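Below is one structure, written out as structure tokens; the observations come after it.
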Amino acid sequence: MKAAIILISLAMLIAAVYVTAECDPDAEGIPDCAELSDAAGTTYRNNWDPTHYFECDGSTVVREACGLGTGYIESSKTCVNWTVWEWEPVC
Ligand SMILES: *[C@@H]1O[C@H](CO)[C@@H](O)[C@H](O)[C@H]1NC(C)=O
């Protein structure tokens with residue numbers, strides 16, 4: 001019984017940390033690839049550097065660079081020409 005309470009508390013703590021990490025405008029935005037099950041093929045915004053984004057290779061975080069003249073845009077989850085790129089709020 002005690003173990004179950006500890007486990008549930010731990011799970012809630014992890015969930016809370018995860019949710020905050022999802023929307024922390026001051027964080028770089030590095031995805032927790034080990035915790036993300038649907039990570040394959042998904043890209044993640046780098047909040048500090050729009051010329052870069054993150055990807056998961058299994059449980060490993062990979063930093064990717066956008067092509068020359070392009071920036072990563074969250075709404076389309078891809079790199080777009082700077083002429084159409086615009087800043088989007090993190091949260
Ligand atoms: C971005 O768009 C401009 C204007 O349409 C174009 O001249 C430029 O070649 C484009 N750059 C890239 C990297 O696609």
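This chain uses plain numbering: 1 for the first residue, then up along the sequence. Owing to the predicted nature of the structure, the values given are computational and were not obtained by experimental measurement. All ligand and atom numbering here is 1-based and tracks the order in the structure.
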#### Entry: Nearest-contact summary for atom 4 (C) of ligand 1 - protein heavy atom, Å
Thr83 CG2, 4.2 Å

### Query
Where do Gly71 and Trp82 come nearest, in terms of heavy atoms and distance?
CA-CH2, 3.5 Å

#### Entry: Salt bridge flag under 4.0 Å for residues Arg63 and Glu28
yes

#### Entry: Proximal atoms of ligand 1 relative to Leu68 (non-hydrogen, under 4.0 Å)
13 (C)

### Task
Mark whether atom 7 (O) of ligand 1 lies under 4.0 angstrom from at least one protein heavy atom.
no

### Message
Using the ring centroid of each side chain, check whether Tyr53 and Tyr72 are separated by less than 6.0 Å.
### Response
yes

### atom 12 (C) of ligand 1: nearest protein contact (heavy atom, Å)
Asn81 ND2, 3.2 Å

### Message
Test your reading of the model: is there a side-chain donor-acceptor pair from Trp48 to the backbone of Gly29, 3.5 Å cut-off?
### Response
no

